[in-house]
Amino acid sequence: MDGAEVRRIASLARLELADAEVDRFASQLTAILGYFEKLREVATEGVPPASHPPELKGPVRPDVAAPWPDPAGLVNLSRGAEGEFFRVPRVLE
Amino acid sequence: MARLPPELTRSARAIADAVRSRKVSARDVADHYLERAARHDGTVHAFLHLDPAAIRAEADAVDRRVAAGDASGALLGVPVAIKDNLCTRGVPTTCASKILADYRPPYDATVVARIRAAGGVVFGKTNLDEFAMGASTENSGYGTTRNPRDLARVPGGSSGGSAAAVAAGFAPLALGSDTGGSVRQPASLCGVVGLRPTYGLVSRYGLIAFASSLDQVGPLALNVDDTMLLMEVIGGHDPRDSTSRKVDLAPLAKAPAPTLAGLKVGVPAEYKVEGVEPEVRAAVERCEQLLVKAGARLVPLALPLTPYAIPTYYLVVTSEASSNLARFDGVRYGPRADARELSHMYGLTRAQGFGDEVKRRIMLGTFALSAGYFDAYYKKSLQVRQRILQEFTEAFTKCDFVLGPTAPTAAFPIGEKASDPVQMYLCDVFTAPAPLAGLPALSIPCGTTKGGLPIGAQLQGPACSDFRMLRVARELEKLLALDLVPCDPASAPAPTNGGASRGR
């Protein structure tokens, strides 16, 4: 993974990296991905992917709304709390 | 000076019984542990947050409750240290990350609420690798925890603060979380017991998510009996966690003790490979011999996918983490970077708030899930995960439990693996497989190296065999006859470079 690829991935992940970080991560991520290549040794043709442990396929319950006792307390955790809203910087220049 | 009788400092169950029968007050118990922490935690740094006044107030409330005639509650007056990725109402919960500096959750995690309901005293928040990503607690944003049995060494991770707190006698019980070994490996390195329960047996409501298909809350204690005590309190169905199993815990917890005679103990060839320290191997083989002497039968096993569990695990966790950690963007909680435009604010907040290992994992996961790489990395890992699951299912048709080392080595020196992520990942070789299959696993102390460092043995069992496994472990613990008491950090080998670094 080269510097350009690290920058592309960091941008997808919303991480603004410093130049020195890009170089360090490029060599570390390359080493880690190289290690992951080991998985190619395992035959997996036709094996269904397991995203979760078994026996837990989408348990459902009635969708009942329960009021939260202190909604303002939730909003006020934000540095941008304004009334019942979160203020953020502009989305478009 | 509050001093507990020695027999109480080695058993949480004995503390609860003594508070119940008013032989000792919850306040005395709290004072005893607060004094120990005050004396030694400047060096060990197990806690990120410890509020003596709040703890004394909670203990006093327990004493009033007992005085008023209500002596119910399995944890009456028992201090329980809580890993700092579990939400505690109004009390800082940072995940050892700068991005959650000063976050005070508006609610308790279900496990915390259950501890309070059982009369337990919530006793501080313990250090961890940032967002539970690591095996040494060196990745904490607020300084490394030292192993109280050798202050130059790591306590393991990510629940290193919880394991160190129990080992050093700062609290008789602690909660950790285990995604790929984060309860069991620090338990092993600190010489305490740690259980990773079956996936879904303990509620994760209020556990700050890292990798949702693997995360599980688990108890740590000095001995197996106390581990069982805490597991009985925190386990069981919770409608607030959609992955919580609808299993009635009571009959599992009350089932009769299994006898070791006739027990089939699986011993995989893959757990006796190069890379496992000879002293670790010898200590685990001693467990095998003790079990055989007690009438158990060793079943040779092949688990050939064992070496593939780490790459599988790291692809699954990084992918899930990249998604789970997207919520930390400065909008709803935590510090917010100054920027005039939204995506720039996100990027700066996250770059300033996350440490290196978290950034690495977010980027690895983003990469593995990105267009063009999804099939080769993420999907491939889920297919290998399926095969690992099948391998365990097959193994448990031949044996009751699988025995092996928890970690390939005893505690390693601080700094030894810190700059090499792949070396650090290899610590998880024996702990990563069980979470991939959703299985319970337990680490118990089984001996020490010549240098006095603890060694842990791991039992793994089929889904929902947690309490049977604990009972088998309790029998093995008796056979091992180790002296399971808190250590004295003041007489442990000294740190090589002064006191623990503290971030706050």
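Here is the naming used below: chain letters follow the sequence lines, and residue numbers restart at 1 for every chain. All values reported here derive from a predicted model rather than from experimental measurement.
Neither the backbone nor the side chain of Ser322(B) comes within contact range of chain A, judged by heavy atoms closer than 4.5 Å. Neither the backbone nor the side chain of Pro105(B) comes within less than 4.5 Å of any heavy atom of chain A. Using a 4.5 Å cut-off between heavy atoms, Leu369(B) does not touch chain A at all. For a residue to count as touching a neighbouring chain, one of its non-hydrogen atoms must lie under 4.5 Å from one of that chain's; by this rule Phe36(A) touches chain B with backbone and side chain alike. Proximity to chain A involves both the backbone and the side chain of Met363(B), based on heavy atoms less than 4.5 angstrom apart. Interface residue Arg8(A): only side-chain heavy atoms are found under 4.5 Å from chain B. Only the side chain of Pro421(B) comes within contact range of chain A, with heavy atoms under 4.5 Å apart. With a threshold of 4.5 angstrom between heavy atoms, Leu305(B) approaches chain A through side-chain atoms but not through N, CA, C or O. Contact of Pro304(B) with chain A is not made at all, since no heavy-atom distance falls under 4.5 Å.
Rounding to the nearest 0.5 angstrom, the gap separating the CD1 atom in Ile32(A) from the OH atom in Tyr314(B) is 9.5 Å. Here the CG-OH distance, from Leu33(A) to Tyr373(B), works out to 9.5 Å after rounding to the nearest 0.5 Å. Expressed to the nearest 0.5 Å, how far OG of Ser51(A) lies from NZ of Lys379(B) amounts to 13.0 Å.
Heavy atoms of other residues, nucleotides or ligands lying less than 6.0 angstrom from CD of Glu41(A) number more than 12.
Contact check for Arg14(A) versus Asp329(B): no side-chain heavy atoms found under the 4.5 Å cut-off. For the pair Pro53(A)/Arg385(B), a side-chain contact is recorded, criterion being any heavy-atom separation below 4.5 Å from C-beta on. Put simply, the side chain of Glu16(A) does not reach to within 4.5 Å of the side chain of Tyr346(B), judged on heavy atoms.
Note on Gly34(A), Pro89(A), Gly73(A): by heavy-atom pairs under 4.5 Å with chain B, the leading option is Pro89(A). Interface remark: of the candidates Leu389(B), Ile362(B), Thr393(B), Leu389(B) forms the most heavy-atom pairs closer than 4.5 Å to chain A. Per-residue counts of heavy-atom pairs under 4.5 Å with chain A were compared for Pro335(B), Ala376(B), Ser212(B), Ala337(B); the largest is that of Pro335(B). The choice from His344(B), Gln352(B), Arg104(B), Glu320(B) that makes the most heavy-atom pairs within less than 4.5 Å of chain A is His344(B). Ranked by heavy-atom pairs shorter than 4.5 Å toward chain B, the options Asp70(A), Val47(A), Leu12(A) are led by Val47(A). Among Ala437(B), Gly334(B), Ser381(B), the residue making the largest number of heavy-atom pairs under 4.5 Å with chain A is Gly334(B). Heavy-atom pairs under 4.5 Å with chain A were tallied for Gly330(B), Gly347(B), Ser343(B), Gly438(B); the largest tally goes to Gly347(B). For the set Leu348(B), Thr349(B), Val331(B), the count of heavy-atom pairs under 4.5 angstrom toward chain A peaks at Val331(B). Most heavy-atom pairs under 4.5 Å with chain B, from the set Leu74(A), Leu39(A), Ile9(A): that is Leu39(A). Each of Gly80(A), Pro69(A), Ser78(A), Ala18(A) has some count of heavy-atom pairs under 4.5 Å with chain B, and the biggest count is that of Ser78(A).
In this structure, Arg350(B) and Leu15(A) approach most closely via the heavy-atom pair CB-CD2, 3.8 Å. Contact between Ser419(B) and Gln28(A) at its shortest, heavy atoms only, is O-NE2, 4.3 Å. Taking each heavy atom of Pro49(A) and Leu382(B) in turn, the nearest pair found is CB-CB, 3.5 Å. What you find for Pro311(B) and Tyr35(A) is that their closest heavy atoms are CD-OH, 3.7 Å. Nearest heavy-atom pair across Arg360(B) and Leu29(A) is O-CD2, 3.9 Å. Scanning both residues, Tyr308(B) and Lys38(A), for their nearest heavy atoms gives CE2-O, 3.4 Å.
Using a 4.0 Å cut-off between charged side-chain N and carboxylate O, Arg79(A) and Asp338(B) make no salt bridge.
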Run the side chain to side chain contact (heavy atoms under 4.5 Å, CB included) test on Asp356(B) and Arg24(A) for me, step by step, so that the C-alpha distance in whole Å, both residues' side-chain angles and the decisive distance to 0.1 Å come before the verdict.
CA-CA 10 Å; Asp356(B) 275 7; Arg24(A) 191 171 70 245; 2.7 Å; yes
Side chain to side chain contact (heavy atoms under 4.5 Å, CB included) for Arg90(A) and Leu342(B)? Distances and angles first, verdict last.
CA-CA 6 Å; Arg90(A) 68 178 73 173; Leu342(B) 185 66; over 6 Å; no
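At least one test fails for Lys359(B) against the ring of Phe25(A): distance under 6.0 Å to the centre or angle within 45° of the axis.
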